[in-house]
Colleague: 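Supplied in structure tokens, the structure appears directly below.
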Amino acid sequence: MYTPAARIGPLLILALAVLSGCPDPSATTGMPKNAPPPAGQVGGGQAGAGPAAPGNKSETPATDWDTYDGDQVTISGTLSYDGSKTGALRLDFLGADTLGGLQHTMTVDALGPWTVKAPAKLGNVFIVGFVDVAKDGPSSDDPAARTADSITISDKDITGIDLKLVDDPDLGDLTPGGPHPGNADVPPTAPTGEGAIVPPADGPPAQSVRRLKVRSQSVRRLKVRSQSVRRLKVRRRSRCPRRPRTRPRVTKDRPTLRWMLGVVLAASIAVIGLILGDRALLKRVHTPGQLATLASQLDLDPDHHHAVILGTCLSAQHIVLDRLNAELPDPWKVDNLGAAATTPVEWYLAWKNRLPKDKIDTLIIAYGRFDLTEPTTPWESETLDLVGPGDMDDLVETACDTTECKLDLRLQKLSALWRYRPFLAGMFWHALGMAPPQDLRQARLRVVKGMHPTSSDPWTDANPSVVFLRRLVTQAQAEGSAVVLMPLPLRPDQAGAQQPQARKQLAAGIHDLTKSTGVVVLPTPDLDATLFDDDVHLKAAGVDAYTDWLGQKLPTYLKVRDTAK
């Protein structure tokens, strides 16, 4: 953690930037947790971010349907497309009427039937399906289709939502980049009618002109009299003997000195205000990331051999930890640190800076289809919470292509005011009782410009997730811990066009990793398709079956720590 003294230099630059103009509304890190949403938006979701307008490529749903534990209903339909464009198939659920904003987004692996579980009694939503050709979110040139009218999510299941994608869709007010229904900003109009203030006509009345001329003559006379008085004083001084000077004359330098002292004083006050504001903001709205919290709560006792699982939320959802530990031979014990929206970047930083590595015998890396190559998001608070001294240099050099990207990430780590400035601007508009501007709503989660672009082949050294995954494996092995790769179950009857390619790339990347590091890989569990809720999520019976299978297979891969290293 940076000390206040270490912050003063960069914060001085930031203070001058703040004093010279308003903050850039297009810039932001993510909305902090537990904070009120700006006016015109519905709060919710794990990160507390408000809903997004269509066309925002950094949008985050208002509520995480995947982890919602209240009453749910099932929405199902079909997705079809006769064109030739390829890309990721995606469905966006956009709030209508008073709901407003992006409520949920999901990736569909194949054309045909789809299903999703939504919170019951959510309200009215539109559904938009599209082919994400550039894999950068909704764009106006993506093949797409929408529901003609909004559908009402009540307490009953909804079926028969059929979307036929076309290359030239007419999405109306749901077109990416356009205004969302009910959220359009109305420019203020000039006051009219009785009581309105009307500007005066050009030019003063003739009587005022005459008075002005008389006053000008009086001023000139006063100047003549002042000159006469000064001459009289000079004559009186000349009659007196001149006294010797005892100190240097500094009258001419005093304005410059005062100006410099004023600038230094103003800058000092601004820096102190930024430091105090940072501390107050972090104390009030900032919540540590899930992985950082789990790592701080980890308690490894010396009476057991310990294995730790790092992965996404799927690794936590698919394993009944108490049941697994009951099936393991003594004295082994497994702790699961699976956290939502994490990548190998966060796993590596948690291993390096937060975990008691000298007590972990076996590191288990759980992964699904895309978890090991997911594009890194170092602007998120989860990453910035895990970064330790010296890690920012490594992170910005690995993730950024431009100087703007590097500077932005460093300022977000250094200053909570800079990280949350779009949220603070939203609070300002909320206090005025007005909806924030469109570009500010789109910037509620700050996506840093200048990041390394994604590639069709994710297993490259240009992908920060792959770079940090290899570092995690090699560092854990060098410190004496065994490393096991654990593939999470995938539904066996998937026949989408993208599924074979994704599995082929995953198999090739795992093969290269095992060949270069010697890491071992658990076999993929063979679970029946009826045990799955969707492509990757298991039903309760599937969770029990996978936990039992893991309890039988995992013990042969667990190894005691090599203390000689």
Side-chain angles (χ1 to χ4, degrees), residues 41-42 51-63 65 74-116 118 122-153 158-185 438-439 441-445 447 453-454 456 495-499 501-502 534-535:
Q41 302 184 15
V42 178
N56 178 12
K57 300 187 179 181
S58 63
E59 66 234 21
T60 291
T63 302
W65 292 7
T74 300
I75 306 175
S76 61
T78 59
L79 197 64
S80 59
Y81 174 54
D82 297 333
S84 59
K85 294 184 178 180
T86 61
L89 298 174
R90 180 169 147 181
L91 291 173
D92 283 1
F93 297 77
L94 301 170
D97 302 331
T98 59
L99 188 58
L102 179 66
Q103 300 300 311
H104 183 63
T105 182
M106 61 181 289
T107 300
V108 181
D109 289 308
L111 297 172
W114 57 267
T115 182
V116 67
L122 179 64
N124 296 335
V125 299
F126 291 96
I127 303 178
V128 180
F130 61 95
V131 178
D132 190 0
V133 177
K135 298 181 181 180
D136 60 350
S139 301
S140 58
D141 55 353
D142 288 337
R146 59 167 282 182
T147 54
D149 300 310
S150 63
I151 64 172
T152 301
I153 301 177
I158 301 173
T159 60
I161 306 298
D162 300 326
L163 298 175
K164 183 176 179 62
L165 309 184
V166 296
D167 289 333
D168 296 318
D170 182 9
L171 302 182
D173 51 13
L174 300 181
T175 302
H180 189 277
N183 288 336
D185 296 329
Q438 179 73 19
D439 52 353
R441 291 200 297 269
Q442 293 178 351
R444 72 201 184 286
L445 284 179
V447 177
T454 57
S456 58
Q498 298 176 6
Q499 185 63 24
Q501 180 183 2
D534 52 26
D535 296 343

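Because only heavy atoms are used, hydrogens play no part in the values below, and waters and symmetry mates are left out as well, while side chains stay in. One-based numbering along the sequence shown.
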Colleague: Do I158 and I153 come close enough that some side-chain heavy atom pair is under 4.5 Å?
Modeller: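 With C-beta onward as the side chain, the pair touches.
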
Colleague: Just to verify, what does W65 make a ring pair (Phe, Tyr, Trp, His ring centres under 6.0 Å) with, not counting sequence neighbours?
Modeller: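 Ring pair (Phe, Tyr, Trp, His ring centres under 6.0 Å) list for W65, sorted by chain: F93, H104.
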
Colleague: OG1 of T78 to CG of L111: how many Å apart, nearest 0.5 Å?
Modeller: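 These two atoms lie 10.0 Å from each other.
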
Colleague: R90 and side chain to side chain donor-acceptor pair (under 3.5 Å): which partner among D132, T105, D142?
Modeller: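 The passing option is T105.
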
Colleague: Please name all residues satisfying side-chain contact (heavy atoms from CB on, under 4.5 Å) with D141, sequence neighbours left out, ordered by chain then number.
Modeller: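 With neighbours one apart ignored, the set is S139.
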
Colleague: Kindly write out the residues that satisfy side-chain contact (heavy atoms from CB on, under 4.5 Å) with T115, not counting sequence neighbours, or none if the list is empty.
Modeller: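 With neighbours one apart ignored, the set is T74, S76.
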
Colleague: Before you tell me yes or no, could you show the steps for V131 and T86 under side chain to side chain contact (heavy atoms under 4.5 Å, CB included), namely the whole-Å CA-CA distance, both residues' side-chain angles and the distance that decides it to 0.1 Å?
Modeller: CA-CA 7 Å; V131 178; T86 61; 5.7 Å; no

Colleague: Work out which heavy atom in A144 is nearest to a heavy atom in P169; give both atom names and the distance.
Modeller: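 Closest heavy-atom pair between A144 and P169: O-CB, 3.3 Å.
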
Colleague: Looking at residues at least two apart in the chain, or sitting in another chain, which of them share a side-chain hydrogen bond (donor to acceptor under 3.5 Å, both in side chains) with T159?
Modeller: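 None.
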
Colleague: Output, in order, the C-alpha distance, side-chain angles, deciding distance and verdict of side chain to side chain contact (heavy atoms under 4.5 Å, CB included) for V166 and Y81.
Modeller: CA-CA 7 Å; V166 296; Y81 174 54; over 6 Å; no

Colleague: Test: salt bridge (charged side-chain N to carboxylate O under 4.0 Å, His left out). Region: residues 98-108. Which pairs qualify, not counting sequence neighbours?
Modeller: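 Qualifying pairs: none.
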
Colleague: Could you walk me through whether F130 and D92 satisfy the side chain to side chain contact (heavy atoms under 4.5 Å, CB included) test, starting with their C-alpha distance in whole Å, then the side-chain angles of each, then the deciding distance to 0.1 Å, before giving a yes or no?
Modeller: CA-CA 8 Å; F130 61 95; D92 283 1; 3.7 Å; yes

Colleague: For side chain to side chain contact (heavy atoms under 4.5 Å, CB included), just list the numbers for L79 and L91, CA-CA rounded to whole Å, side-chain angles, deciding distance to a tenth of an Å, and then say yes or no.
Modeller: CA-CA 9 Å; L79 197 64; L91 291 173; 4.1 Å; yes

Colleague: K164: which residues meet the side-chain contact (heavy atoms from CB on, under 4.5 Å) condition with it, sequence neighbours left out?
Modeller: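 Only S80, D82 meet the side-chain contact (heavy atoms from CB on, under 4.5 Å) criterion with K164.
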
Colleague: In a check of side-chain contact (heavy atoms from CB on, under 4.5 Å) between L94 and each of V125, D173, L102, which one passes?
Modeller: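 Of V125, D173, L102, side-chain contact (heavy atoms from CB on, under 4.5 Å) with L94 is met by L102 alone.
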
Colleague: Taking all non-hydrogen atoms of both residues, which atom of P143 and which atom of V133 are closest, and how far apart?
Modeller: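 P143 and V133 have their closest heavy atoms at CD-CG2, 3.9 Å.
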
Colleague: Could I get the full list of side-chain contact (heavy atoms from CB on, under 4.5 Å) partners for T147, not counting sequence neighbours?
Modeller: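 Per chain and number, T147 pairs via side-chain contact (heavy atoms from CB on, under 4.5 Å) with F126, I127, I161, L163.
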
Colleague: For the residue pair R146 and L171, what are the closest heavy atoms and their distance?
Modeller: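 Heavy-atom minimum between the residues: NH1-O, 2.8 Å.
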
Colleague: For N124, check side-chain hydrogen bond (donor to acceptor under 3.5 Å, both in side chains) against everything at least two apart and list the hits.
Modeller: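 N124: side-chain hydrogen bond (donor to acceptor under 3.5 Å, both in side chains) contacts with D97, T152.
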
